[in-house]
There are 2 protein chains.
Amino acid sequence: MSTQSKPVYLKLRDMIAAAIIDGRYAEGEMLPSVRALAAEQGANPLTVAKAYQQFQNDGLVEVQRGVGMYVVRGAAERLRRSERENFLRDEWPEIRARMARLGVSATELLADA
Amino acid sequence: MSTQSKPVYLKLRDMIAAAIIDGRYAEGEMLPSVRALAAEQGANPLTVAKAYQQFQNDGLVEVQRGVGMYVVRGAAERLRRSERENFLRDEWPEIRARMARLGVSATELLADA
DNA sequence: AGCGGTGTATTATGGCACTGATGCAGTCTG
DNA sequence: CAGACTGCATCAGTGCCATAATACACCGCT
């Protein structure tokens with residue numbers, strides 16, 4: 001019975017990525033401060049910072065010290081593309097193999113998309 | 001870049017489950033001994049034992065002390081069913097939402113089958 | 001009985017990821 | 001400048017994971 005509890009900072013990272021792709025964190029706008037998001041999510045500010053860190057490294061977010069972090073132009077599309085590539089290259093083959101083993105029909109599940 | 005590799009005992013558990021479902025570890029036959037599998041996989045016998053443990057708890061494997069562990073009749077099918085349920089209930093919805101967000105279409109996934 | 005094969009229990013130890021508390025550095029506004 | 005807000009760095013604590021070294025209990029064979 002794998003509870004599969006991903007680390008908090010990765011869960012936050014996924015939430016943030018989704019929000020950027022969906023435009024809820026719009027390009028050019030400021031992200032919630034680490035403290036604000038930490039309070040909202042009941043997490044530690046440092047854990048939130050760790051989640052933000054990766055977006056800075058990838059140049060999807062710009063830091064203005066003392067001010068805040070901003071979503072750069074084109075971040076949503078770039079993020080969507082890279083996530084998409086990763087999904088198709090790394091995750092989907094495994095998922096597909098797993099589904100085959102378990103007797104789950106991919107065509108059937110994807111039909112009513 | 002945290003590779004975030006799953007714990008060894010869980011990876012082993014997945015390997016074993018796959019082998020049972022595929023019939024490579026056939027019903028009624030004896031599983032590799034903890035020491036043998038440990039040597040083969042370069043792991044610690046206790047780690048292998050931990051992986052085996054869960055199958056005993058679920059009654060998919062029978063222990064004959066001093067002899068070995070045997071795959072019970074119907075284990076493959078039972079395991080396949082439960083894994084299938086878990087997959088459809090826990091994993092598939094998330095995968096599906098993720099695909100929608102990333103703009104992955106059903107047709108393109110099934111094309112390169 | 002003896003031997004070698006099984007799984008199991010115990011204890012100790014090292015590593016590493018995650019989380020947390022505190023304080024510092026930079027920027028803006030009044 | 002004073003205060004309140006930003007992000008960031010440092011240090012420390014915690015828990016899980018994996019390993020290791022033994023020792024034990026059971027079974028089947030010779």
Side-chain angles (χ1 to χ4, degrees), chain A residues 1-17 19-20 24-72 75 90, chain B residues 1-17 19-20 24-72 75 79:
Chain A
M1 205 58 74
S2 54
T3 316
Q4 186 66 5
S5 58
K6 235 192 256 193
V8 176
Y9 80 98
L10 281 183
K11 278 191 279 191
L12 289 174
R13 187 238 162 236
D14 288 346
M15 285 185 212
I16 297 160
I20 291 178
R24 303 201 307 279
Y25 291 164
E27 306 183 352
E29 303 254 319
M30 195 177 122
L31 290 166
S33 76
V34 287
R35 289 177 178 82
L37 188 54
E40 175 190 325
Q41 295 291 333
N44 188 286
L46 264 90
T47 306
V48 176
K50 189 170 183 180
Y52 278 157
Q53 186 69 40
Q54 316 191 10
F55 294 107
Q56 312 179 34
N57 297 340
D58 294 346
L60 296 168
V61 155
E62 220 168 42
V63 179
Q64 293 188 18
R65 279 198 73 137
V67 181
M69 305 178 68
Y70 291 83
V71 182
V72 306
D90 299 331
Chain B
M1 199 66 82
S2 55
T3 316
Q4 185 61 17
S5 51
K6 229 190 261 194
V8 176
Y9 80 98
L10 282 183
K11 277 191 281 192
L12 289 174
R13 187 242 161 232
D14 288 346
M15 285 185 212
I16 297 160
I20 292 178
R24 303 201 308 279
Y25 291 165
E27 305 183 353
E29 304 252 319
M30 195 178 121
L31 289 166
S33 76
V34 288
R35 290 175 177 84
L37 188 55
E40 176 190 324
Q41 295 292 332
N44 189 286
L46 279 163
T47 306
V48 176
K50 189 170 181 180
Y52 278 157
Q53 186 70 42
Q54 317 192 10
F55 295 106
Q56 310 180 34
N57 297 340
D58 294 345
L60 296 167
V61 153
E62 219 168 43
V63 179
Q64 292 189 20
R65 285 197 70 139
V67 181
M69 306 177 67
Y70 292 81
V71 182
V72 305
L79 189 52

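In this text, all values refer to a predicted model and were calculated from it rather than measured experimentally. When reading the values below, keep in mind they use all heavy atoms of this one structure, side chains included, and skip hydrogens, waters and symmetry mates. So that the names make sense, note that chain A is the first sequence line, chain B the second, and so on, each numbered from 1.
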Smallest heavy-atom separation, B/I16 atom then B/A51 atom, equals CD1-CB, 4.2 Å

When rounded to whole Å, the CD to P distance for the pair A/Q41 and C/dG20 reads 13 Å

In whole angstroms, the gap separating P of D/dC17 from CG of B/L10 amounts to 7 Å

Across all chains, not counting sequence neighbours, the side chain to side chain contact (heavy atoms under 4.5 Å, CB included) partners of B/P45 are B/A38

CG of B/N57 to CD of B/Q54, rounded to nearest 0.5 Å, is 7.5 Å

note: A/Q54, atom CD; D/dG7, atom P; distance rounded to Å ~ 16 Å

Those residues at least two apart in sequence (or on a different chain) that pass side-chain hydrogen bond (donor to acceptor under 3.5 Å, both in side chains) with A/E27 are none

Per nearest nucleotide of DNA chain D, the residue lying toward the 5' end, B/R35 or B/K50, is B/K50

Atom NZ of A/K11 and atom C1' of C/dA17 are separated, to the nearest Å, by 15 Å

Residue pairs passing the side-chain hydrogen bond (donor to acceptor under 3.5 Å, both in side chains) test with at least one member in residues 30-52 of chain B, sequence neighbours excluded, are none

Contacts of A/D58 meeting side-chain hydrogen bond (donor to acceptor under 3.5 Å, both in side chains) (sequence neighbours excluded), chain-then-number -> none

Residues at least two apart in sequence or cross-chain that pass side chain to side chain contact (heavy atoms under 4.5 Å, CB included) with B/E29, listed by chain then number, are B/A26

Winner on side-chain proximity to A/M69, out of D/dT19, C/dT19, D/dG7, is D/dG7

Rounded to the nearest 0.5 angstrom, the CZ-CE distance for B/R13 and B/M15 is 12.5 Å

Could you write out each protein N or O paired with an N or O of nucleotides 27-30 of chain C at a distance under 3.5 Å?
residue : atom : partner : partner atom : Å
C/dT27  : O4'  : A/R65   : O            : 3.4

Taken to the nearest whole Å, CG/A/L12 to C1'/C/dC18 is 12 Å

Within residues 24-33 of chain A, the residues having a heavy atom closer than 4.0 Å to DNA chain C are none

Every stem of 3 or more Watson-Crick or G-U pairs under 3.5 Å that DNA chain D joins, in order of first number, is C:1-30 with D:1-30

Hits for side chain to side chain contact (heavy atoms under 4.5 Å, CB included) against A/E62, two or more places apart or cross-chain, chain-then-number order -> A/V72

Separation between CE (B/M69) and CZ (B/F55), nearest 0.5 Å, reads 9.5 Å

Contacts of A/D90 meeting side-chain hydrogen bond (donor to acceptor under 3.5 Å, both in side chains) (sequence neighbours excluded), chain-then-number -> none

Taken to the nearest whole Å, CZ/B/F55 to C1'/C/dG7 is 17 Å

B/L37 atom CG is separated from C/dT6 atom C1', nearest whole Å, by 14 Å

When rounded to whole Å, the NZ to P distance for the pair B/K6 and D/dC17 reads 13 Å

| task | Look at A/N44 and C/dT19 and indicate whether a side-chain polar atom (N or O) is within less than 4.0 Å of OP1 or OP2. | result | no

A/I20 and A/L60, any side-chain heavy atoms less than 4.5 Å apart:
no

Heavy-atom contacts, protein to nucleotides 10-16 of chain D, under 4.0 Å, summarised as B (base), S (sugar-phosphate only) or - (none) per nt, yield B------

Residues passing the side chain to side chain contact (heavy atoms under 4.5 Å, CB included) test with B/A49, sequence neighbours excluded, are B/V34

Check whether any side-chain nitrogen or oxygen of A/Q53 sits under 4.0 Å from OP1 or OP2 of D/dG7, and answer yes or no. no

